Amino acid sequence: MNFNPRTDEAYQLLHDGILALSRMEQQGIRVDVDYIESKKAHLTRKIERLENQFKDSDFFKHWQKSVKGEINFYSNPQLSNYLYKIKKVKVFKETMSGQGSTDKETLTQLNIPELDDLLKIRNLKKLRDTYLESYLREQVNGYIHPFFNLHLVVTYRSSSSNPNLQNVPKRDEESMQICRGAIYPRPEHQLLEVDFKSIEVSINACYNKDSTLIKYVSNPKSDMHADMAKEIFALDEFQKDCHNVLRQAAKNGFVFPEFYGDYYGNCAENMACGWGKLPQSIWKKGEGVEIGSFIPLFLSDHLISKGITSFNKFTNHVKKIEQDFWENRFPEYAAWKERWWSLYKKYGYIDLLTGFRCQGVMSKNEVINTPAQGTAFHCLLWCIIEIDKIMLKERWDTKIISQVHDSVIFDVNPGELDHVVKVVRKICCEELRKAWKWIIVPLDVEMELSPVDKSWVEKEKINA
DNA sequence: GGAACTCGCCAC
DNA sequence: AAACGTGGCGAGTTCC
């Protein structure tokens with residue numbers, strides 16, 4: 001696929017963007033080298049303990065006996081061979097090339113306790129070797145200088161490398177603590193993270209102009225994910241405090257996958273798997289009703305009482321919700337998808353609202369997803385450029401240090417915090433919309449701040 | 001002995 | 001009828 005700026009403005013965005021990002025790279029991000037070294041040693045001890053425990057197990061001994069030569073239990077091909085060829089375990093999921101999978105989901109499902117140890121070791125090695133080790137390797141005088149590229153991603157987003165600062169663990173609490181605990185502001189400074197609120201959905205609304213979607217992203221009191229959770233889990237009322245976990249399931253298991261082009265079958269399965277994590281207080285386990293042929297899941301009394309008594313029935317239920325989602329809730333969005341796809345098929349390219357043309361061979365999902373991804377990032381890039389200009393002109397001690405597609409991270413001088421927050425909010429929520437009139441919905445940002453001299457782990461939401 | 005591939009897994 | 005978008009990176013493995 002090839003991409004071209006079609007306007008001077010589009011060219012200028014990348015030109016200015018590269019300069020702003022390069023200043024950010026030069027600035028760098030402080031890491032605590034002593035912390036990383038001691039954490040690394042700690043992880044190594046933990047890994048060794050688990051390795052020894054694993055090597056002591058009957059599982060390992062049988063595996064070792066069944067093949068010639070030394071086995072490497074970190075090798076997925078070797079593990080796959082042992083599980084599926086020697087032990088004749090039924091294949092639950094295949095990889096892209098048709099081999100029996102050895103990913104986390106599959107190994108967990110096999111219910112072999114030793115494999116849980118192996119998964120734990122994998123997790124700890126990932127933290128040590130991918131994150132901590134790369135910070136140590138890349139740091140110079142306690143600062144890392146990740147690259148931020150504008151020329152590598154097909155959808156016109158950015159990428160980051162050496163080290164990649166766009167995939168630092170966040171969702172898993174323990175992994176988050178270990179990795180983000182290495183990242184600090186400069187002495188006597190604070191880390192400030194500014195996040196565009198659901199900007200991809202907002203930008204989608206600018207393309208498809210769906211009236212319901214516009215209402216959802218324009219009204220802070222409306223809540224699309226809660227509304228979908230009510231439908232999916234057959235709730236009459238949505239109680240924020242006790243149903244938040246269901247809102248997350250609806251958001252990550254249905255709404256986003258549907259927007260990305262997934263279908264009800266995968267969505268139903270996604271959400272069914274998420275149920276394992278639900279608190280008992282909300283979902284009492286049913287009478288051991290097994291859902292589907294291989295997922296050992298239990299339905300709650302609640303769903304059973306609503307007549308959803310099996311995985312198949314749940315899938316059917318989600319199928320109806322999907323139909324309603326596109327036919328009745330977001331019909332204009334659905335129509336836009338078809339129009340947009342037809343235009344691509346006719347001309348062989350798509351034009352983004354930011355003045356870029358994307359042409360080449362694309363699948364339907366790619367054609368439909370590219371505009372929101374690329375354009376949303378362009379919004380962030382425009383803001384970074386403007387903030388960078390003001391930062392230079394006003395000689396801020398505060399610096400921009402990182403960026404993750406829809407958020408930007410500052411290393412802030414506390415004396416400048418109030419001013420920085422005011423400027424950032426003005427650029428992101430007001431100036432951007434004045435510059436790009438095609439943004440027909442309000443944009444909002446959320447901010448998180450770490451205390452002075454504390455790591456990235458300590459950040460907390462602020463009302464600013 | 002290095003390039004290129006597969007697989008798994010972290011982020012948005 | 002078919003069915004999830006974009007990256008980077010480490011480890012193991014195979015190709016040349």
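Basis for what follows: all heavy atoms, side chains included, without hydrogens, waters or symmetry-related copies. For clarity, every value in this text was computed on a predicted model and none was experimentally measured. All chains are named by letter (A, B, ...) in the order of the sequence lines, taking the proteins before the strands, and each is independently numbered beginning at 1.
Taking 3.5 Å as the limit, the base of B/dC7 and the side chain of A/Asn76 contain no donor-acceptor pair of atoms between them. Contact annotation: side chain of A/Arg157 to base of B/dC12, donor-acceptor pair present below 3.5 Å.
Distances shown here put every side-chain N or O of A/Ser407 at or beyond 4.0 Å from the OP1 or OP2 atom of B/dC12. OP1 or OP2 of C/dT13 sits under 4.0 Å from a side-chain N or O of A/Gln78. Close to C/dG10, at under 4.0 Å from its OP1 or OP2, lies a side-chain N or O of A/Arg137. For the OP1/OP2 pair of C/dG8 and a distance below 4.0 Å, the side-chain nitrogens and oxygens of A/Ser160 include no atom meeting the criterion. The phosphate of B/dG8 (OP1 or OP2) has a side-chain N or O of A/Thr102 nearer than 4.0 angstrom.
Distance A/Phe377 CZ to C/dG7 P: 13 Å, rounded to the nearest Å. The distance between atom CG of A/Asn252 and atom C1' of B/dA11, rounded to the nearest whole Å, is 13 Å. Atoms CD1 (A/Ile121) and P (B/dC9) sit 14 Å apart, rounded to a whole Å. Remark: P of C/dG8 and CD of A/Glu133 are 21 Å apart, rounded to the nearest angstrom.
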Can you give me the N/O atom pairs linking the protein to nucleotides 3-6 of chain B at distances under 3.5 Å, or say none if there are none?
none

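Within 4.0 Å (heavy atoms only), A/Arg122 reaches sugar-phosphate atoms of the nucleic acid but no base atom.
If you look at A/Phe60 and A/Tyr82, their ring centroids are not closer than 6.0 Å. In summary, the aromatic rings of A/Tyr35 and A/Tyr184 are positioned with their centroids too far apart to meet the 6.0 Å limit.
Distance from the side chain of A/Thr155 is smallest to C/dT6 among C/dT6, B/dC12, B/dG8.
Electrostatic pairing of A/Arg128 and A/Glu48 does not count as a salt bridge here, judged by no charged N lying under 4.0 Å from a carboxylate O.
Judged by distance alone, the side chains of A/Tyr216 and A/Arg329 do bring a donor and an acceptor atom under 3.5 Å apart.
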